[in-house]
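Below, chain A is the first sequence line, B the second, and so on; all start at residue 1. This is a predicted model, so every value here is computed, not measured.
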Amino acid sequence: MFEQEKQILDELIARFCQERSLPTGKLEWRSIPFSGEWGIAAPLFPLAAADPARTQPVPQHAQALAEALRDSIKLPAGFSRMEAVRGYLNLYYTTSEYAKKVIDSVLASGSRYGSREPEGKPIMVEYSNPNTHKPLHVGHLRNVILGGSTCNILEASGKRVIRANYLGDIGLHVIKWLCNYEKYHQGEQPGEDKTRWMGDLFAEADRRFAYEEGFEAEVRAYFARWDARDPHIHALWKETREWSLEGFKQVYDLLGEHFDRIYFESEVEEPGKAAVEQLIKSGLAEDGRPDLPVVVNLDQILGTKEEYRVVIVLRSDGTSLYATKDIPLAVMKFNEYDLEKSIYVVDVRQTLHIKQFRKILELMGYPWADKIHHLAYEIVNLPGNVTMSSREGTVVLLDDLIREATRRALEVVQEKNPELDPAQMQAIAEAVALGAIKYPMLSRENTKMVTFDWESALDFNGQSAPYIQYAHVRANSILRKVGFQQESGADFGMLTHPSEVDLVELIARLPEEVQRAARELKPNLLANYAYDLAKGFNDFYNQCPVINAEPALRAARLALVAAARWCLGNTLRLLGIRAPEVM
RNA sequence: GCCCUUGUAGCUCAAUGGACAGAGCACCAGCCUUCUAAGCUGUUGGUUGCAGGUUCGAAUCCUGUCAAGGGCGCCA
């Protein structure tokens with residue numbers, strides 16, 4: 001926001017350092033952590049510690065240097081005063097100019113505030129990766145939400161992004177499903193909620209596979225026919241897979257997700273086997289078939305010890321594995337696109353596997369192998385550290401959760417805004433419910449486990465998405481009431497109330513928060529910022545009347561409210577959470 | 001056995017190596033003739049698992065240790 005001013009300051013300080021033969025480039029600017037006034041601060045401790053002329057302890061010397069700086073450099077334009085306190089040099093902005101700069105910049109950019117134009121090579125983010133013919137539960141949600149908002153944030157930070165989804169459309173789970181369908185549900189069609197119906201049938205097939213006499217044998221026989229490319233089974237597979245895809249589309253639409261590139265596991269199976277042959281030929285893989293599988297002994301090749309372990313790349317019966325397919329998939333990605341980076345949003349339990357196949361790709365000579373990046377996240381558990389498993393029946397289905405959350409949100413809307421029409425109420429309830437579900441998964445660090453429980457998932461109060469959405473609604477409500485048109489010429493020097501000062505500071509932070517969240521691939525930084533921003537706005541809302549303020553102050557506050565609304569709306573959008581106008 | 005992650009208020013979590021470790025939930029006491037109370041104010045709550053080390057400065061970095069979870073040759 002004040003890059004030029006900072007640069008001038010840096011030059012002044014550099015000159016000061018040279019005169020005293022101090023090392024340069026040791027100062028880092030941060031904002032002053034106390035509320036009430038805007039400014040930047042620099043700790044002088046590093047400089048003091050490096051000063052050869054130092055004769056006293058570092059803290060005292062830092063204070064002395066801060067005082068010397070304060071007295072020797074001329075206050076640059078844009079700053080109103082300077083002070084040396086406890087080893088820090090604090091510079092305060094000219095308040096009216098600062099507020100004007102921040103608010104004008106937001107109002108000029110609107111929905112683009114906080115974002116940069118995408119440029120450069122694209123980054124591919126692979127996420128979601130559901131299995132067809134299976135139910136979606138809350139565990140899958142974290143992946144989608146994390147991946148989706150990571151994409152939004154990368155885009156806003158100025159990167160081109162390709163959203164990729166790798167679908168598990170083959171394997172034993174599919175065969176089970178098909179076999180069960182043919183035997184017990186011949187000719188049935190999915191209903192309105194396709195994912196749920198597919199999921200129910202999967203659960204049934206899975207149960208039969210585990211408990212029903214003879215069913216496993218039938219499935220094995222069915223698998224053999226599949227392998228022999230039985231045309232009837234392949235036709236049924238294609239048809240039923242389509243049902244799953246349509247169901248996923250419904251869920252993605254609801255969640256606000258879309259993908260640019262879809263990969264199917266089925267399309268990389270044969271290329272995977274070919275890649276294994278190549279590995280064997282080049283001596284990287286040992287072929288133990290028919291008794292043993294094909295393995296790449298990475299530790300032996302690299303001379304490492306219990307670090308990369310041994311990777312099985314093909315079963316002894318010649319069928320493929322996860323690792324088999326990851327090799328051609330990565331090759332496909334880099335052949336098709338000139339990627340800056342290829343990110344895999346995959347849960348933390350697969351860390352070793354990703355490390356392994358990246359190393360195999362490197363050994364195969366692909367120069368882009370080091371561009372593969374694992375965005376690891378912890379899984380979602382149920383209370384008592386129970387892992388979600390459809391077999392154990394320990395799952396919370398996505399469908400059930402969304403339905404219940406929407407029902408509860410609808411109750412609140414009906415109570416608060418009975419005059420709205422039903423379609424609008426439904427839309428608001430959905431936005432609130434989805435936000436409430438998404439927020440806890442976004443606001444935690446990626447590496448921390450999320451424990452799902454109904455009570456907190458359906459809590460619309462406190463540190464939650466509805467709280468942030470509500471702040472947006474309040475800002476919107478004020479602007480709507482006065483028919484706010486972007487007026488110019490407000491005197492921002494009037495924004496001197498501590499909560500106004502805080503709010504301007506919070507708004508000013510968005511661009512750098514986006515950059516940092518993108519750099520570190522941590523949407524939770526932005527989720528926490530969104531909450532701080534909403535809190536700052538609510539504080540302002542409670543303490544500073546806008547509509548009934550006297551005209552000059554009212555104009556300045558209205559512009560501030562408009563800036564806050566853009567900022568809240570934009571931040572929510574980056575998190576993949578809708579920002580309703582009314583709720 | 002080897003490796004990874006986590007450990008902060010009763011609970012769930014924050015905190016670019018920087019100024020006094022902050023929120024929410026829960027508990028208790030208040031605030032709706034006033035821009036929507038999905039809100040706000042106040043009270044209570046801490047040896048940042050433990051022990052060392054590095055540093056002017058450590059919840060943050062390093063070493064050790066304890067605890068929980070996860071990964072490690074034919075699951076994905």
Inset, instruction - Indicate, yes or no, whether a donor-acceptor pair under 3.5 Å links the base of B:rC2 to the side chain of A:Arg309. - result: yes
Inset, instruction - Return yes if the base of B:rA76 and the side-chain atoms of A:His353 contain a donor-acceptor N/O pair under 3.5 Å, otherwise no. - result: yes
Inset, instruction - Have a look at B:rG73 and give me syn or anti from its glycosidic angle (syn if within 90° of zero). - result: syn
Inset, instruction - Give a yes/no answer on whether the side chain of A:Arg315 brings an N or O atom under 4.0 Å of OP1 or OP2 in B:rC75. - result: yes
Inset, instruction - Whole angstrom is fine here: how far is it from CG in A:Asn461 over to P in B:rC13? - result: 19 Å
Inset, instruction - Considering non-hydrogen atoms only, spot the tightest contact between A:Asp539 and A:Ser499 and give its length. - result: OD2-CB, 3.4 Å
Legend entry - Parallel, tilted or perpendicular, as decided by the 30° and 60° cut-offs, for the rings of A:Tyr531 and A:Tyr467: tilted
Inset, instruction - Using only heavy-atom distances, decide whether a donor-acceptor pair under 3.5 angstrom links the side-chain of A:Thr351 to the base of B:rC4. - result: no
Inset, instruction - Using the six-membered ring for Trp and the full ring for Phe, Tyr or His, decide whether A:Phe45 stacks on the six-membered base ring of B:rG57 (centres under 5.5 Å, planes under 30°). - result: no
Legend entry - Glycosidic conformation of B:rC13, taking syn as within 90° of 0 and anti otherwise: anti
Inset, instruction - Answer with yes or no whether A:Arg444 presents, from its side chain, a donor or acceptor under 3.5 Å of a partner atom in the base of B:rU12. - result: no
Inset, instruction - Apply the test ring-ring contact (aromatic ring centres under 6.0 Å, His included) to residues A:Tyr127 and A:Tyr377: give CA-CA distance (whole Å), side-chain angles for both, the deciding distance (0.1 Å), then the verdict. - result: CA-CA 12 Å; A:Tyr127 68 104; A:Tyr377 65 93; over 10 Å; no
Legend entry - Per A:Arg349 side chain, nearest of listed nucleotides B:rC74, B:rG70, B:rG39: B:rG70
